[in-house]
Engineer: 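One structure, as structure tokens, below. Some questions next.
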Amino acid sequence: MGFGTDIRFKGRAMALAGKRIKVGMDAPDFRCLVGLELISLADTPSGIRIFSSVPSLDTPVCRLQTIRLNKELESLGQWVSCYTFSLDLPFAQQRFCDSEQITNLTVVSDAYDRSFGANYGTLLEGLPVPLLTRALFVLDKGNILRHVEYVAELTNEPDYDNALRVVRQLLDQ
């Protein structure tokens with residue numbers, strides 16, 4: 001069952017499957033692929049995490065988002081990790097990372113069972129092919145969501161500064 005139509009793709013209202021998550025909630029679990037290895041929330045380090053959701057790494061805005069977060073991680077140190085989720089297959093994700101020299105974050109494929117999209121409320125409904133919407137989530141070391149942004153227009157970049165401010169606040173605690 002979907003919710004809301006406040007997400008737009010080139011102005012067209014889109015519904016999201018699953019339920020929307022909010023700041024203060026426990027981060028939902030998922031089963032996704034890193035390469036051909038199945039991982040879950042428990043397999044991510046227990047430090048501060050950024051979960052970046054993108055429609056496809058093969059699109060310009062998703063490329064920019066992933067490159068920007070990869071660069072930001074250089075200054076955030078070992079206590080912050082970032083995972084970029086898409087429905088791209090692991091082989092395409094690896095080609096992208098090799099091509100763009102993405103080395104500081106982990107790309108994660110939700111192609112296994114779309115559980116990230118369903119559990120984080122990022123799976124777009126009504127498209128001929130399944131895609132995730134653009135979103136940023138920040139989790140603290142206790143798996144509590146400290147920042148949630150569903151980008152209103154799919155073709156726009158997220159508010160990096162706001163998410164990174166939350167990350168830096170968590171680092172200062």
Side-chain angles (χ1 to χ4, degrees), residues 1-4 6-7 14-57 62 65-66 68-70 72-73 75-88 90 93 97 102 104-125 130-152 154 156-173:
M1 183 66 66
F3 64 89
D6 57 341
I7 302 296
M14 303 296 300
L16 296 172
K19 65 179 192 174
R20 188 169 294 231
I21 59 175
K22 297 180 178 153
V23 169
M25 293 175 66
D26 288 335
D29 201 5
F30 54 81
R31 293 177 304 179
C32 293
L33 296 166
V34 173
L36 295 178
E37 180 182 340
L38 198 58
I39 70 160
S40 68
L41 179 64
D43 297 311
T44 64
S46 60
I48 300 162
R49 283 145 296 163
I50 301 168
F51 287 175
S52 172
S53 174
V54 299
S56 175
L57 294 170
C62 299
Q65 181 172 334
T66 305
R68 168 80 185 263
L69 290 171
N70 185 66
E72 292 290 348
L73 283 170
S75 66
L76 293 174
Q78 65 183 0
W79 306 111
V80 180
S81 56
C82 182
Y83 297 82
T84 294
F85 293 82
S86 73
L87 282 165
D88 298 312
Q93 290 179 330
C97 289
I102 302 297
N104 297 321
L105 60 79
T106 302
V107 290
V108 184
S109 174
D110 196 22
Y112 177 70
D113 67 1
R114 300 180 190 151
S115 60
F116 180 85
N119 296 344
Y120 282 74
T122 61
L123 185 60
L124 288 164
E125 294 184 322
L131 294 174
L132 300 180
T133 195
R134 188 172 316 288
L136 279 181
F137 307 98
V138 175
L139 289 67
D140 67 15
K141 51 189 168 180
N143 291 333
I144 304 298
L145 289 153
R146 298 300 177 191
H147 173 81
V148 173
E149 177 189 8
Y150 294 91
V151 180
L154 201 57
N156 293 340
E157 292 181 76
D159 184 349
Y160 305 108
D161 294 336
N162 196 19
L164 293 168
R165 182 177 41 73
V166 172
V167 168
R168 288 184 178 93
Q169 288 171 346
L170 290 169
L171 284 170
D172 290 341
Q173 292 180 356

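Here the structure is a predicted model, which is why all the values come from computation and not from measurement. The residues of the chain are indexed from 1 along the displayed sequence.
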Engineer: Output the distance between atom SG (C32) and atom CD (E37), rounded to the nearest 0.5 Å.
Structural biologist: 12.5 Å
Engineer: Under 3.5 Å, sequence neighbours excluded: what are the donor-acceptor pairs made by side chains of residues 136-146?
Structural biologist:
unit_1: D140; atom_1: OD1; unit_2: G142; atom_2: N; d: 2.8
unit_1: D140; atom_1: OD1; unit_2: N143; atom_2: N; d: 3.2
unit_1: D140; atom_1: OD1; unit_2: I144; atom_2: N; d: 2.9
unit_1: D140; atom_1: OD2; unit_2: R146; atom_2: NE; d: 2.8
unit_1: D140; atom_1: OD2; unit_2: R146; atom_2: NH2; d: 3.0
unit_1: N143; atom_1: OD1; unit_2: R49; atom_2: NH1; d: 2.7
unit_1: N143; atom_1: OD1; unit_2: R49; atom_2: NH2; d: 2.7

Engineer: Any side-chain heavy atom of T84 within less than 4.5 Å of one from T106?
Structural biologist: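 No - every pair of side-chain heavy atoms lies 4.5 Å or more apart.
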Engineer: With rounding to the nearest 0.5 Å, note down the distance linking CZ in F116 to OG in S40.
Structural biologist: 13.0 Å
Engineer: Identify each donor-acceptor pair in which a side-chain atom of residues 161-173 lies under 3.5 Å from a protein atom, sequence neighbours left out, and give them as a table.
Structural biologist:
unit_1: D161; atom_1: OD1; unit_2: R68; atom_2: NH2; d: 3.4
unit_1: N162; atom_1: OD1; unit_2: R165; atom_2: NH2; d: 2.1

Engineer: Given 3.5 Å as the limit, does a donor-acceptor pair link the side chain of D88 with the main chain of S56, or not?
Structural biologist: no
Engineer: For a 4.5 angstrom cut-off between non-hydrogen side-chain atoms, does L124 reach L154?
Structural biologist: yes
Engineer: For the backbone of T122 and the side chain of Y150, can you confirm whether one donor and one acceptor N or O come within less than 3.5 Å of each other?
Structural biologist: no
Engineer: Is a side-chain N or O of S86 found less than 3.5 angstrom from the main chain of V54, in a donor-acceptor match?
Structural biologist: no
Engineer: Quick one: pull up CD1 in I7 and CG in L16 and give me the separation to the nearest 0.5 Å.
Structural biologist: 5.0 Å
Engineer: Please state whether the rings of F85 and Y120 are parallel, tilted or perpendicular, taking 30° and 60° as the class boundaries.
Structural biologist: parallel
Engineer: Got C62 and R134 here, is their nearest side-chain heavy-atom distance under 4.5 Å?
Structural biologist: yes
Engineer: Taking the side chain from Q65 and the backbone from E157, do they hold a donor-acceptor pair closer than 3.5 Å?
Structural biologist: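 Judged by distance alone, no pair lies under 3.5 Å.
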Engineer: As an exercise, state the distance from OH of Y83 to OG of S52, rounded to the nearest 0.5 Å.
Structural biologist: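 OG of S52 is found 13.0 Å from OH of Y83.
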Engineer: State, yes or no, whether a side-chain contact exists between F30 and D113 at a heavy-atom distance under 4.5 Å.
Structural biologist: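 Side-chain contact under 4.5 Å: no.
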Engineer: Taking the side chain as every heavy atom from C-beta outward, state whether L105 and I50 have any atom pair closer than 4.5 Å.
Structural biologist: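 No, every pair of side-chain atoms sits at 4.5 Å or beyond.
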Engineer: When rounded to the nearest 0.5 angstrom, what is the spacing between CG in D26 and CG in L41?
Structural biologist: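 D26 atom CG to L41 atom CG measures 9.5 Å (nearest 0.5 Å).
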Engineer: Supply the atom-to-atom distance N104 CG to C82 SG, rounded to the nearest 0.5 angstrom.
Structural biologist: 9.5 Å
Engineer: Between D110 and S115, is there a donor-acceptor pair closer than 3.5 Å when you use the side chain of the first and the backbone of the second?
Structural biologist: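 Between the backbone of S115 and the side chain of D110 there is a qualifying donor-acceptor contact (under 3.5 Å).
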Engineer: Is there a side chain to side chain contact (heavy atoms under 4.5 Å, CB included) between L132 and L123 once you walk through the steps?
Structural biologist: CA-CA 5 Å; L132 300 180; L123 185 60; 4.1 Å; yes
